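First the structure, which I've put down as structure tokens, then a few questions once you've had a look.
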Amino acid sequence: MSDFLKKLGVSLERHAPSPRRKYLIGVSGGKDSVALLHGLLNLGYRNLVVCHFNHGLRGQASKTDANFVSRMAKKHALHFESDKGLTVTYAKKHKLSIELAARELRHAFFARCAKKYGTRKIFLAHHADDQTETCLFNYLRGSGMAGMGGMRPKSKLSCGRVELEILRPMLAVSRKDIEKFAKENDLTHREDASNTDLKYTRNRIRHRVLTYLEKALGRDVRKSILRTAEILSAEEEWMNEEASRFLLSRQLSVKTLRELPLALCRRVIRRWLIQEDVPEPDYADVAEAIRLIEPDAKIAKTNLPEGIHLRRREGVLFLEFPRKS
């Protein structure tokens with residue numbers, strides 16, 4: 001058995017032990033998602049719904065991607081679902097980056113698929129190199145332990161009234177492992193030219209920042225970043241258990257927050273913002289909330305991204321969301 005399948009199998013035993021259950025799987029047509037699909041099939045996971053979302057960013061190439069994934073699903077007698085979104089239009093309308101707009105549209109599509117097929121579990125093809133880039137990006141954003149711990153092998157995602165369970169069984173699998181598996185099994189895939197487009201932050205981190213760091217330090221910094229992520233992820237899990245005790249309603253008590261140690265107070269606020277669907281809350285958003293609960297605070301309202309208002313009234317913090325047309 002290849003290293004790829006061994007590592008994939010270990011993760012599946014921990015986080016998705018039953019191959020007989022029905023799962024969604026996000027497949028873009030790229031090498032990573034194609035390898036994940038074939039890896040799952042090799043390990044007996046055949047009750048899969050292949051989900052492909054066309055972001056409308058690459059013209060005819062996007063249509064070709066969808067056709068490629070459709071044929072692959074048909075070849076393996078798997079259910080196939082696809083949809084298309086106008087990512088640029090959505091981004092402008094909601095004042096989002098292209099990357100965040102694409103993610104929101106994709107997640108909404110996954111939620112629709114989950115409702116249709118009666119399953120809330122979805123496999124995604126994030127791997128160890130993606131994890132490295134995510135952790136470094138989050139560190140540079142100042143997102144603290146929560147962000148630097150990176151992605152989890154299993155996590156929850158709320159999309160409207162649908163809560164998805166995201167399964168990432170390839171987080172211990174490197175890009176080299178994937179490439180070797182694809183070559184050994186003669187897997188065809190689609191190349192996405194946007195993966196080298198430096199206008200996207202993640203691509204700049206992948207192709208420039210990490211390359212520069214490794215050259216400057218003379219060693220593989222990816223392993224160090226992943227090791228740090230593993231340590232922080234365990235600590236994050238413990239801190240989240242502590243914070244969850246204070247997230248019993250859609251409002252937060254100002255009195256309770258003031259009595260907490262600052263580190264725990266920040267954690268409670270950040271988890272609450274995530275729970276309430278505030279997109280990617282960062283240090284600045286949490287700091288704004290902290291300002292509102294200070295005993296001598298002269299303001300009772302602050303603005304968060306996407307037109308969301310954070311307010312303090314009658315001893316509680318609560319959120320006001322703009323109406324979506």
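In this chain, residues are counted from 1 in sequence order. Since we're looking at a predicted model, the values are computed, not measured.
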Enclosure of Arg14 CZ (heavy-atom neighbours >12, cutoff 6.0 Å): no

Within one Ile-Leu-Val-Met-Phe-Trp-Tyr cluster: Val278 and Leu100, side-chain cutoff 4.5 Å: no

Candidate pair Phe246 and Leu260, rule side chain to side chain contact (heavy atoms under 4.5 Å, CB included), full reasoning: CA-CA 10 Å; Phe246 302 93; Leu260 295 177; 3.4 Å; yes

Ring pair (Phe, Tyr, Trp, His ring centres under 6.0 Å) partners of His309, counting only residues at least two apart: none

Quiz: residues 163-172 side-chain donor-acceptor pairs under 3.5 angstrom, not counting sequence neighbours:
residue	atom	partner	partner atom	Å
Glu165	OE1	Lys121	NZ	2.3
Glu165	OE2	Lys156	NZ	3.4
Arg168	NE	His126	ND1	3.1
Arg168	NH1	Arg152	O	3.1
Arg168	NH1	Ser155	OG	3.0

With Ala243 via side-chain contact (heavy atoms from CB on, under 4.5 Å) - residues at least two apart: Leu264, Arg267, Val268, Arg271

hydrophobic_cluster_shared for Met239 and Leu252, side chain cutoff 4.5 Å: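 Hydrophobic grouping puts Leu252 apart from Met239.
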
Approximate separation, where rounding is to 0.5 Å, of Asp277 CG and Leu319 CG: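 If I round to the nearest 0.5 Å, the distance is 10.0 Å.
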
His38 and Asn185: side chain donor to acceptor below 3.5 Å: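 Looking only at side-chain atoms, Asn185 and His38 do not form any donor-acceptor pair under 3.5 Å.
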
For His55, all residues meeting side-chain contact (heavy atoms from CB on, under 4.5 Å), sequence neighbours excluded: Phe53, Leu57, Thr87, Ala102, Arg106

Greater than 12 external heavy atoms within 6.0 Å of Arg21's CZ: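 Counting other residues, nucleotides and ligands, CZ of Arg21 stays at 12 neighbours or fewer.
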
CG on Leu124 to CG on Asp32, rounded to 0.5 Å: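 The CG atom of Asp32 sits 11.5 Å away from the CG atom of Leu124.
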
Check against side chain to side chain contact (heavy atoms under 4.5 Å, CB included), Met72 and His52: CA-CA 11 Å; Met72 186 165 51; His52 177 84; over 6 Å; no

Distance, nearest 0.5 Å, that separates NZ of Lys180 from NZ of Lys176: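 One gets 11.5 Å once the value is rounded to the nearest 0.5 Å.
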
Phe321, CZ: over 12 other non-hydrogen atoms inside 6.0 angstrom: yes

Distance (rounded to the nearest 0.5 Å) between Cys265 SG and Ile293 CD1: 4.0 Å

Over 12 non-hydrogen atoms of neighbours within 6.0 angstrom of CD in Glu314: no

Counterpart residues, side-chain contact (heavy atoms from CB on, under 4.5 Å), relative to Asp177 (two or more places apart): Asp3, Lys7, Val173, Ser174

Rounded distance [0.5 Å steps], CZ in Arg270 versus CD1 in Ile274: 4.0 Å

From CG (Leu48) to OH (Tyr117), nearest 0.5 Å: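 These two atoms lie 12.0 Å from each other.
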
Derivation and outcome, side chain to side chain contact (heavy atoms under 4.5 Å, CB included), residues Arg313 and Phe318: CA-CA 8 Å; Arg313 183 186 299 155; Phe318 62 95; 3.6 Å; yes

Same cluster (ILVMFWY, side-chain, under 4.5 Å), Leu41 and Leu5: yes

Reference residue Glu320; test salt bridge (Lys or Arg N to Asp or Glu O under 4.0 Å); the match among Arg250, Lys301, Arg311: Arg311

Side chain to side chain contact (heavy atoms under 4.5 Å, CB included) evaluation trace for Asn203 with Arg206: CA-CA 5 Å; Asn203 289 343; Arg206 178 183 307 163; 3.8 Å; yes

Side-chain ion pair, Arg227 and Glu230, N-O less than 4.0 Å: no

Any side-chain heavy-atom pair of Ile308 and Pro322 under 4.5 Å: yes

Inter- and intrachain pairs under ring pair (Phe, Tyr, Trp, His ring centres under 6.0 Å), touching residues 2-35, at least two apart: Phe4-Phe181, Tyr23-Tyr45, Tyr23-Phe123

Co-membership, hydrophobic cluster, residues Phe137 and Leu140, 4.5 Å side-chain: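 Linked within one cluster.
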
Intermediate values then yes/no, side-chain hydrogen bond (donor to acceptor under 3.5 Å, both in side chains), Arg258 and Ser253: CA-CA 9 Å; Arg258 286 174 179 169; Ser253 164; over 6 Å; no

Cluster link Phe68 to Leu40, ILVMFWY, side chain under 4.5 Å: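 Yes; tracing contacts between hydrophobic side chains, which count when under 4.5 Å, links both residues.
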
